[in-house]
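The structure presented is a predicted model; accordingly, all values stated were derived computationally and were not measured. When reading the values below, keep in mind they use all heavy atoms of this one structure, side chains included, and skip hydrogens, waters and symmetry mates.
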Amino acid sequence: MDETPSIKTALAHSFGAAMGHAMPLLARLRHVLGQRIGSEESPASSDRRRERNSVVLQITGMTCGSCASHVEKVLLKAPGVHEANVSYAEGTARVSGDEALDPAALSAAVQAAGFQTVVAKRARGVSVSERRSGKILDRNAKQERWGAPLQVAIIGSGGAAMAAALRAAEDGARVTLIERGMIGGTCVNVGCVPSKIMIRAAHIAHLRRQSPFDEGLGASEPTIDRGKLLAQQQARVDALRHAKYEGIIEGSTAIAVLRGEAKFQDGRSLIVRLNEGGESKISFNRCLIATGASPAVPPIPGLQETPYWTSTEALASDTIPARLAVIGSSVVAVELAQAFARLGGKVTILARSTLFFREDPAIGEAVTAAFRAEGVEVLEHTQASNVAFADGEFVLTTGDGELRADKLLIATGRAPNTCGLALEAAGVAVNPQGAIIVDTRMRTSGPHIYAAGDCTNQPQLVYVAAAAGTRAAINMSGGDAALDLAAMPAVVFTDPQVATVGYSEAEAHHEGIETDSRTLTLDNVPRALANFDTRGFIKLVTEAGSGRLIGAQAVAPEAGELIQTAALAIRARMTAQELADQLFPYLTMVEGLKLAAQTFNKDVKQLSCCAG
């Protein structure tokens, strides 16, 4: 057996232990030198020393004295740091410096080095020159940042809210999380998690019924017990909600939960109507609005008098309707339509235009063809002018006659949950759709008030919400973190999947960008050929002239697993040729990106397998 790793480990620990013993001596030496130098300081130097800020960080993850030495070196490189003393035994770092010293930046530096940290104590001195000149200004920012803990109120408890709460708590804030309903928000409870479980179950059912290998693997009609599938789905939802939301909150002493519905009294306080009765007033230094969104319901005559479904009711149903009509043409509509069809329902989609009409037209065409091949009826350019419900049956009136169904799913988008917040009392502006307007730092038009997630004018994606929540919390405590959505990937979990990032050709042209693009059909991708499933394509969009990759669209099985590579290439400002020159593992779907990039200069049909 090779003993080298264990020897290296032993040496590292021995060195670390030695450093650990030496640390107190080094600290005393610094102290003595500091006193000696201080005794010879000029009044101006002495005044500058009194301007110093200090921060104490509580650090976890250090295993020896060498870890402490490493952390100290990292901290000394941070802006504004003059001294850093790290104790492995105490698990602390005591840092002092000038006005540029930023606890958030210190925490980020330590975390980047592989350790976890929270701000345990912060203090700021006031210089003589400040007292003489009266420059003790910006009291809100300075006192909140360096004095008593920042009081942060967060309305909501979903992805954006939790990300912000955890980061704010790490930075020493006291957080009040206000939730009127179930902890966890849309994604874990009634959105991403249950829908993807249902979609996966439907995919398995489809493969048992039909696959490209049926000649050698006997197909059979699956027996579907939706009640048992629902129980399995809900059990996983409950477990994830507890693990990722409720359990984390319960384990934090810095986060308190208030059950009720909040509205602004003014720009510094909220009134919460408590679920248990009565009201509570919450004052805050900073507030984050993270109230999410709810299914939007179109104003179709008669619809409100019927027991229609939204995605919430559809995902909670313990039966599969024999006939399901779906009004909508985007993500939720197509994902659930295919899932219900694969679980045994006869599904009809009513699309006002075409499927995915906001995307590259080839995407809608490919998904429509795949759906029709599976027996899903897609009615393009079709709207319901009236909806009625009688004798347990829905009757939809369209321009082409009546459509009858046992259940009706409305999936026409989601509307921000901003009504009832009294945003005007806090000076928070919304757009015509009711979404809170935020900048790239999640600041609203109201001072000290931030917003993140589906209630804002940002894309309604949970990972965007979480990233926005984290950045909002950083900015609340004096940081400067922006959210860049230029290379934001998105995935639709149909089969084949739809994945996009960056510009489509139409979007680029709208921005005045000249483009060059290539489309590779999947019959040119070895992985797809080996799977006997060549449905779909990969399209790359480049900036004309420079050849820089600015967008990618894919319709393919597991397209979501390849799109992040395109996102990283766009972020790195790679050209199509640079992407083509990369090494991609053979017989993977992501290799299709390399092949698509090669088509800018080569005929890939004339290349051998693994052609570099």
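Contacts of R471 classified as side-chain hydrogen bond (donor to acceptor under 3.5 Å, both in side chains), with partners at least two apart in sequence or in another chain: none. Partners of A552 by side-chain contact (heavy atoms from CB on, under 4.5 Å), not counting sequence neighbours, listed by chain and number: V501, L540, I563, A566. T382 pairs by the side-chain contact (heavy atoms from CB on, under 4.5 Å) definition with L350, L379, T398, D400, not counting sequence neighbours. Partners of A296 according to the side-chain contact (heavy atoms from CB on, under 4.5 Å) rule, which considers only residues two or more places apart in sequence or in another chain, are A415. Judged as a side-chain hydrogen bond (donor to acceptor under 3.5 Å, both in side chains), and not counting sequence neighbours, the contacts of T310 are E313.
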Residues T521, I538; criterion side chain to side chain contact (heavy atoms under 4.5 Å, CB included); working and verdict: CA-CA 6 Å; T521 54; I538 298 171; over 6 Å; no

Side chain to side chain contact (heavy atoms under 4.5 Å, CB included) evaluation trace for Q338 with F371: CA-CA 7 Å; Q338 188 179 40; F371 275 23; 3.7 Å; yes

Audit row: Q553, T500, side chain to side chain donor-acceptor pair (under 3.5 Å) steps and yes/no: CA-CA 4 Å; Q553 298 87 43; T500 61; over 6 Å; no

Worked verdict on N417 versus S294 for side chain to side chain donor-acceptor pair (under 3.5 Å): CA-CA 6 Å; N417 294 329; S294 299; 2.7 Å; yes

Steps toward side chain to side chain donor-acceptor pair (under 3.5 Å) verdict (Q234, D238): CA-CA 6 Å; Q234 192 57 47; D238 293 342; 2.9 Å; yes

Side chain to side chain contact (heavy atoms under 4.5 Å, CB included) between Q497 and V492, intermediate numbers included: CA-CA 6 Å; Q497 292 179 357; V492 183; over 6 Å; no

Worked check of side chain to side chain contact (heavy atoms under 4.5 Å, CB included) between T440 and D484: CA-CA 7 Å; T440 58; D484 182 0; over 6 Å; no

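Here the CG-OG1 distance, from L549 to T542, works out to 7.5 Å after rounding to the nearest 0.5 Å. To the nearest 0.5 Å, atoms CD (Q598) and CG (L579) are separated by 9.5 Å. The line from CG of N524 to OG1 of T599 is 9.0 Å long, rounded to the nearest 0.5 Å. Atom NZ in K244 sits 12.0 Å away from atom NE2 in H242 (nearest 0.5 Å). One distance of note links NE2 of H509 with OG1 of T515; it measures 3.0 Å at 0.5 Å rounding. Between I289 atom CD1 and C455 atom SG the span is 6.5 Å, to the nearest 0.5 Å.
Among residues at least two apart or in separate chains, side chain to side chain donor-acceptor pair (under 3.5 Å) pairs with a member in residues 346-357 are T348-E377. Pairs passing the ring pair (Phe, Tyr, Trp, His ring centres under 6.0 Å) check and including a residue from residues 514-552, sequence neighbours excluded, read F213-F532. Here side chain to side chain donor-acceptor pair (under 3.5 Å) pairs that include residues 579-588, with residues two or more places apart or in two chains, are Q577-D581.
Taking 4.5 Å as the limit, some side-chain heavy atom of N457 sits within range of a side-chain heavy atom of V438. Considering only heavy atoms from C-beta on, F600 comes within 4.5 Å of D516 through its side chain. Counting only heavy atoms from C-beta outward, the side chains of E561 and V491 never approach each other to under 4.5 Å. Counting heavy atoms from C-beta outward, R441 and L483 have side chains that stay 4.5 Å or more apart. Under the 4.5 Å side-chain criterion, counting only non-hydrogen atoms from C-beta, F584 is in contact with T565. Contact of the I550 side chain with the I570 side chain is not registered, since no non-hydrogen atoms from C-beta on lie closer than 4.5 Å. Between P557 and L522 there is a side-chain heavy-atom pair separated by less than 4.5 Å. A 4.5 Å side-chain heavy-atom check between T470 and I474 finds at least one atom pair inside the cut-off.
The minimum heavy-atom distance linking M442 with A452 is given by the pair CG-CB, 4.2 Å. Nearest heavy atom pair, residue P298 against residue I410, reads CD-CG2, 3.4 Å. Closest non-hydrogen pair, L587 versus E591, comes out as N-OE1, 3.5 Å.
Ring centers of F340 and W309: under 6.0 Å apart, within the cut-off.
Enclosure of atom CZ in R571 by more than 12 non-hydrogen atoms of other residues, nucleotides or ligands within 6.0 angstrom is indicated. Few gaps surround CZ on R535; more than 12 heavy atoms of other groups in view lie less than 6.0 Å from it. Atom CD of Q232 has 12 or fewer heavy atoms from other residues, nucleotides or ligands within 6.0 Å. Annotation: R548, atom CZ; neighbour count of heavy atoms from other residues, nucleotides and ligands within 6.0 Å is above 12. Under a cut-off of 6.0 angstrom, the local environment of OH in Y245 is crowded, with over 12 non-hydrogen atoms contributed by other residues, nucleotides or ligands.
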I'd like a table of donor-acceptor pairs (distance under 3.5 Å, sequence neighbours excluded) in which one partner is a side-chain atom from residues 187-205, with atom names and distances.
| from | atom 1 | to | atom 2 | distance (Å) |
| --- | --- | --- | --- | --- |
| N189 | OD1 | R241 | NH1 | 2.8 |
| N189 | ND2 | I183 | O | 3.0 |
| N189 | ND2 | G185 | O | 2.9 |
| S195 | OG | G191 | O | 2.8 |
| S195 | OG | C192 | O | 3.0 |
| K196 | NZ | E335 | OE1 | 3.4 |
| H203 | ND1 | R342 | NH1 | 3.2 |

May I have the list of side-chain donor-acceptor pairs in residues 221-231 shorter than 3.5 Å, sequence neighbours left out?
| from | atom 1 | to | atom 2 | distance (Å) |
| --- | --- | --- | --- | --- |
| E221 | OE1 | R209 | NE | 3.2 |
| E221 | OE2 | R209 | NE | 3.0 |
| E221 | OE2 | R209 | NH2 | 3.4 |
| D225 | OD1 | G227 | N | 3.1 |
| D225 | OD1 | K228 | N | 3.2 |
| R226 | NE | S317 | O | 3.0 |
| R226 | NH2 | L315 | O | 3.2 |

What side-chain donor-acceptor pairs closer than 3.5 Å can you find for residues 355-366, not counting sequence neighbours?
| from | atom 1 | to | atom 2 | distance (Å) |
| --- | --- | --- | --- | --- |
| D360 | OD1 | A362 | N | 2.9 |
| D360 | OD2 | K539 | NZ | 2.8 |

Report, one line per pair, each donor and acceptor closer than 3.5 Å where one atom sits in a side chain of residues 320-334; sequence neighbours left out.
| from | atom 1 | to | atom 2 | distance (Å) |
| --- | --- | --- | --- | --- |
| R323 | NE | D406 | OD2 | 3.2 |
| R323 | NH1 | E393 | OE2 | 3.3 |
| R323 | NH2 | E393 | OE2 | 3.1 |
| R323 | NH2 | D406 | OD1 | 3.0 |

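The existence of a salt bridge linking R404 and E402 is confirmed by a sub-4.0 Å separation between a basic side-chain nitrogen and an acidic carboxylate oxygen.
Of the possible polar contacts, one joining the N431 side chain to the Q433 backbone as a donor-acceptor pair under 3.5 Å is found. Remark: side-chain polar atoms of E374 are not paired, donor with acceptor, to backbone N or O of V376 under 3.5 angstrom.
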